[in-house]
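The sequence lines fix the lettering, A, B, ..., with proteins before strands; numbering per chain opens at 1.
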Protein chains: 2
Amino acid sequence: MTMQGHALDLARDKIRGTGARMTAPRVQVLAAMLGTQRVLSHRDIEDMLGAARLDRVTLYRVLDWLVEQGLAHRIAGRDRVWRFSATGEAHETHGHFQCNRCGKILCLDELSAHSVPLRLPAGCRPERTELTVTGLCAECTV
Amino acid sequence: MTMQGHALDLARDKIRGTGARMTAPRVQVLAAMLGTQRVLSHRDIEDMLGAARLDRVTLYRVLDWLVEQGLAHRIAGRDRVWRFSATGEAHETHGHFQCNRCGKILCLDELSAHSVPLRLPAGCRPERTELTVTGLCAECTV
DNA sequence: GTTGTATATGCAACACAGTTGCGATTCCGT
DNA sequence: ACGGAATCGCAACTGTGTTGCATATACAAC
Ligand SMILES: [Mn+2]
Ligand SMILES: [Mn+2]
Ligand SMILES: [Zn+2]
Ligand SMILES: [Zn+2]
């Protein structure tokens with residue numbers, strides 16, 4: 001409860017900082033993301049909200065907005081589902097691990113995408129390097 | 001025509017090599033993939049086949065089968081679209097570049113995923129490392 | 001060649017992530 | 001309070017990929 005209260009306050013601060021409107025959906029979604037270490041899918045967040053349910057489309061739009069504002073980052077897994085995280089700053093550049101069985105994504109904070117030496121075809125303008133290791137997570141290893 | 005004939009013969013050889021049935025859909029799809037350097041989506045292949053149209057589901061199943069047999073590789077991009085390639089052997093390990101605007105994928109043959117030093121959380125078993133650079137391709141740069 | 005059968009195809013219906021348009025609501029500066 | 005732009009909620013839609021099942025066919029045995 002204290003933890004959740006803190007996440008709510010933090011979420012409100014961050015949203016206030018953008019200068020845009022502070023709305024219940026934005027606060028709730030960002031607080032949910034701040035309150036966990038996990039990388040959450042749209043569906044994960046829907047489930048977490050439970051009672052405070054909000055429209056599917058609104059959730060998609062809030063997530064897009066959080067990414068635009070730099071308050072969250074978006075990760076593409078091999079299951080072709082977007083996942084979102086609000087923790088840390090270096091997330092744009094570090095690698096991720098995705099479990100082939102349960103789909104869970106972990107952040108590999110020590111694995112920097114910047115350490116990869118780029119040599120691109122002529123004319124290509126790189127924007128971002130994504131580094132994803134797939135395999136089995138500790139819980140799914142038999 | 002000579003080029004296409006060669007791709008057809010090569011496709012037939014490879015399919016015969018699996019010991020499974022040789023069917024028109026398999027030959028046509030594999031030949032289409034062997035006849036290009038590009039990394040093709042389901043839709044790309046449908047368009048290429050044109051007259052020799054075949055059922056959507058059959059195409060999905062042929063692609064799955066080609067991957068199972070090791071005759072093609074499947075690449076996950078940032079959009080929710082699988083892309084396939086029959087060329088080379090190193091697709092599992094080298095990096096790829098995907099254009100944020102047109103979705104095209106290029107192979108970065110010189111960028112090896114093996115060069116990335118892994119340091120995973122305890123218990124995680126890595127199977128594959130994916131390295132994708134996103135940005136704008138030469139044709140989409142304004 | 002004919003036949004039998006496991007295998008592959010084609011169709012219809014479905015699942016699921018994500019998007020678009022638009023009218024109704026609400027945040028917030030005045 | 002008030003007004004208007006920003007945001008929300010709903011419905012309908014798109015696109016990719018999957019499942020179930022009846023039909024067709026590759027190919028091995030004869
Ligand atoms: Mn991360
Ligand atoms: Mn490749
Ligand atoms: Zn797992
Ligand atoms: Zn492009």
Discussion item. Assess the residue pair B/Gln69 and B/Ile15 against the criterion (side chain to side chain contact (heavy atoms under 4.5 Å, CB included)); give the C-alpha distance rounded to whole Å, side-chain angles, the decisive distance to 0.1 Å, and a yes or no.
Written reply: CA-CA 9 Å; B/Gln69 301 301 316; B/Ile15 290 167; over 6 Å; no

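Along DNA chain D, the nucleotide nearest B/His42 and the nucleotide nearest A/Arg56 are compared for position; the residue whose nucleotide lies closer to the 5' end is A/Arg56. With DNA chain C read from its 5' end, the first of the two nearest nucleotides for A/Trp82 and B/Val57 is the one closest to B/Val57.
With hydrogens and angles left out, the side chain of A/Arg61 and the base of D/dG9 share a donor-acceptor pair within 3.5 Å.
For residues 21-39 of chain B, the pairs satisfying salt bridge (charged side-chain N to carboxylate O under 4.0 Å, His left out) are B/Arg38-B/Asp44, with sequence neighbours left out. Applying the salt bridge (charged side-chain N to carboxylate O under 4.0 Å, His left out) test to residues at least two apart or on different chains, the pairs with a partner in residues 131-142 of chain B are B/Lys104-B/Glu139.
Atom CZ of B/Arg16 and atom P of D/dA26 are 14 Å apart (whole Å). Going from atom CG of B/Asp55 over to atom P of D/dA24 covers 15 Å, rounded to whole Å. Regarding A/Tyr60, its OH atom lies at a distance of 19 Å from the C1' atom of D/dT7, rounded to whole Å. Regarding B/Ile15, its CD1 atom lies at a distance of 10 Å from the P atom of D/dC27, rounded to whole Å. B/Arg12 has its CZ atom 12 Å from the P atom of D/dC27, to the nearest Å. Put simply, CG on A/Leu66 is 14 Å from C1' on D/dT7, counting in whole angstrom units.
Of the residues in residues 44-51 of chain B, none lies under 4.0 Å from DNA chain D by heavy-atom distance. Listed by residue number, the members of residues 19-33 of chain B with any heavy atom below 4.0 angstrom from DNA chain D are B/Arg21, B/Met22.
If you check every strand for non-hydrogen atoms under 4.0 Å, B/Trp65 touches nothing.
A donor-acceptor contact shorter than 3.5 Å is absent between the side chain of A/His42 and the backbone of A/Leu63. Of the possible donor and acceptor atoms, one in the side chain of B/Gln98 sits under 3.5 Å from a partner among the backbone N and O of B/Arg78.
Here the OG1-CD1 distance, from B/Thr132 to B/Ile75, works out to 8.5 Å after rounding to the nearest 0.5 Å.
Protein chain B touches strand DNA chain C; the 5'-most and 3'-most nucleotides with an atom under 4.0 angstrom of its non-hydrogen atoms are C/dA6 to C/dG18.
The shortest side-chain heavy-atom distance between A/Met22 and A/Val27 falls under the 4.5 Å cut-off. B/Leu66 has its side chain out of reach of B/Phe84: every pair of non-hydrogen atoms, C-beta onward, lies at least 4.5 Å apart. Side-chain contact between A/Asp9 and A/Arg12: present, with at least one pair of heavy atoms (C-beta onward) separated by less than 4.5 Å. B/Val81 is not listed as a side-chain neighbour of B/Arg43, based on a closest heavy-atom distance of 4.5 Å or more. In this structure the side chain of A/Leu108 never reaches within 4.5 angstrom of the side chain of B/Arg119, judged on heavy atoms. When side chains are defined from C-beta on, B/Ser85 does not count as touching B/Thr36, because their heavy atoms never get closer than 4.5 Å.
Salt-bridge annotation for A/Arg16 and A/Asp13: present, with a side-chain N of the basic residue lying under 4.0 Å from a carboxylate O of the acidic one.
Contact detail for B/Phe97 and A/Pro126: the closest heavy-atom pair is CE1-CA, 4.3 Å.
An end-to-end axis angle of 30° holds for the helix from C/dG1-D/dC30 to C/dT30-D/dA1, taken from five base pairs per end and rounded to 10°.
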